[in-house]
Amino acid sequence: MLNYENQYSKEGKLMYLSVPGSTSNSPVDCRTSSLKIFIAALENALTAELLRNLSFGCVNSVSSGCHTDMDFQLFQQSGRFICQELATMPQTAAASFLTLRQAGQDCEQRLLQLTGGVNTQKGLLFLVLFLWQAWVSNTSWAALSEHISNFAQDLQKDYVQMPYSRSSLSHRAGLADIRHLPLTGFRPLLNTVKLYLQSDWSDLQLTLYLIATTDDTTTFKRGGLEKLRYVQQTAGQILLLTAEEQIKAAEDLNNYYLSNNLSSGGVADLFSLTKCLAELKDQWL
Ligand SMILES: CC(C)(COP(=O)(O)OP(=O)(O)OC[C@H]1O[C@@H](n2cnc3c(N)ncnc32)[C@H](O[C@H]2O[C@H](COP(=O)(O)OP(=O)(O)OP(=O)(O)O)[C@@H](O)[C@H]2O)[C@@H]1O)[C@@H](O)C(=O)NCCC(=O)NCCS
Ligand SMILES: Nc1ncnc2[nH]cnc12
């Protein structure tokens, strides 16, 4: 077992691991070795998301949900691709919002090339890059929310300059879209992680909680505001039932998604990120 000598910054943060007797004179950067921890947690979470029994219009191991253009294998490829991109992302991308956005847009284009133009997980990629940036910049868990909120403030400009697009429709409908998360320092997601760690929620209960509390623009785009509000209210009511009653009611809601051609893609991403952060929390600086 190698005996590591840690090296700390002036603020006392663990910055490097130096390997005694190593041939190279440059210390092993703990950010590189620890990035493997980050990526392993993301891989585990993405696998769990695809293995959900009820996926509410999303792709899983036994169904393509309401997606004729995507399947389980494509999502496996998409997830592996995103993990590989994070593993090789240059640290310079973490320097500012603009460098991160450029890196994210380049990565999003490579992802779309991989999928033949099908949007599998561009939302997940967007969100996980903020967490990647915080991780590689050695932001502590306690400082995470304020750090991301400050870092992402330029996102506000998206709403001003937004061309007439789906995002503008959801924004005009008053929805808290995907940009709301980094702008609020991932506060809703971190609250979900805290609740998840305190409870013994099943994957179904976590999914239902996320449906109830998320303005999923993929659901809104396909079904409009009335159906979005219906699934949110129904999921919240299901969580109040006994565990046995929940199963039947959840299957009915899952069938509602399928019969109305609805997808919960945003919820699926938040499911993955909740699981990922729950695994990382105790190892986060
Ligand atoms: C910032 C962007 C990613 C914004 O993209 P866009 O302008 O398209 O914004 P939206 O359409 O509003 O949302 C994009 C995706 O975000 C997910 N999502 C939706 N609601 C929420 C929410 N409330 N909280 C969190 N995340 C949310 C969702 O992504 C997932 O679903 C997609 C797959 O489902 P599907 O139904 O197939 O989606 P579509 O293909 O759109 O529908 P069909 O055509 O099939 O009918 C998939 O993306 C999942 O991830 C929304 O789709 C982007 O503009 C951007 O800037 N990206 C590059 C920059 C970057 O990455 N920067 C890094 C940091 S600065
Ligand atoms: N499993 C899935 N199916 C459809 N859209 C998704 N977005 C993220 N995960 C997804």
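Every number for a ligand or one of its atoms is a count from 1 in the order of the listing.
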(message) When you measure from the heavy atoms of Met70 to every atom of ligand 1, does any distance fall below 4.0 Å?
(response) yes

(request) Cation-pi check, Arg110 to Phe81: give yes when NZ or CZ is under 6.0 Å from the six-membered ring centre and within 45° of the ring axis, no otherwise. (result) no

(request) Any atoms of ligand 1 less than 4.0 Å from a non-hydrogen atom of Phe97? List them with their elements. (result) 65 (S)

(message) Yes or no: does Leu124 have any heavy atom under 4.0 Å from an atom of ligand 1?
(response) yes

(message) Within ligand 2, which atoms have a heavy atom of Leu50 less than 4.0 Å away?
(response) 1 (N)

(request) Walk me through it: do Phe38 and Trp132 pass the test ring-ring contact (aromatic ring centres under 6.0 Å, His included)? (result) CA-CA 8 Å; Phe38 182 95; Trp132 170 86; 8.3 Å; no

(request) Record the part of His180 in heavy-atom contact with ligand 1 below 4.0 Å; permitted values are side chain, backbone, both and neither. (result) neither

(message) If the cut-off is 4.0 Å to any non-hydrogen atom of Thr214, which atoms of ligand 1 fall inside it?
(response) 22 (C), 23 (N)

(request) Select the closest option to atom 5 (N) of ligand 2 among Phe72, Phe75, Phe271, judged by heavy-atom distance. (result) Phe75

(message) With no hydrogens and no angle check, just 3.5 Å: does a side-chain donor-acceptor pair link Thr139 and Trp284?
(response) no

(message) Using a 4.0 Å cutoff against the non-hydrogen atoms of Ser263, which atoms of ligand 1 qualify?
(response) 36 (O)

(request) Under 4.0 Å, heavy atoms only, figure out whether ligand 1 is touched by the backbone of Ala176, its side chain, both or neither. (result) backbone

(message) Using heavy atoms and a 4.0 Å limit, tell me yes or no: is Val267 in contact with ligand 1?
(response) no

(message) With a cutoff of 4.0 Å, is Asn60 in contact with ligand 2, counting heavy atoms of the residue only?
(response) no

(message) Considering both backbone and side-chain atoms of Glu49, is one of its nitrogen or oxygen atoms within less than 3.5 Å of a nitrogen or oxygen in ligand 2?
(response) yes

(message) Please list, in number order, the atoms of ligand 2 under 4.0 Å from a heavy atom of Ala268.
(response) 8 (C), 9 (N), 10 (C)

(request) Please verify whether a non-hydrogen atom of Asp269 lies at under 4.0 Å from ligand 2. (result) yes

(message) Please work out, at 4.0 Å between heavy atoms, whether the side chain, the backbone, both, or neither of Glu108 comes within that distance of ligand 1.
(response) side chain

(request) Give yes if a backbone or side-chain nitrogen or oxygen of Val59 is under 3.5 Å from a nitrogen or oxygen of ligand 2, and no if not. (result) yes

(request) Record the part of Thr120 in heavy-atom contact with ligand 1 below 4.0 Å; permitted values are side chain, backbone, both and neither. (result) backbone

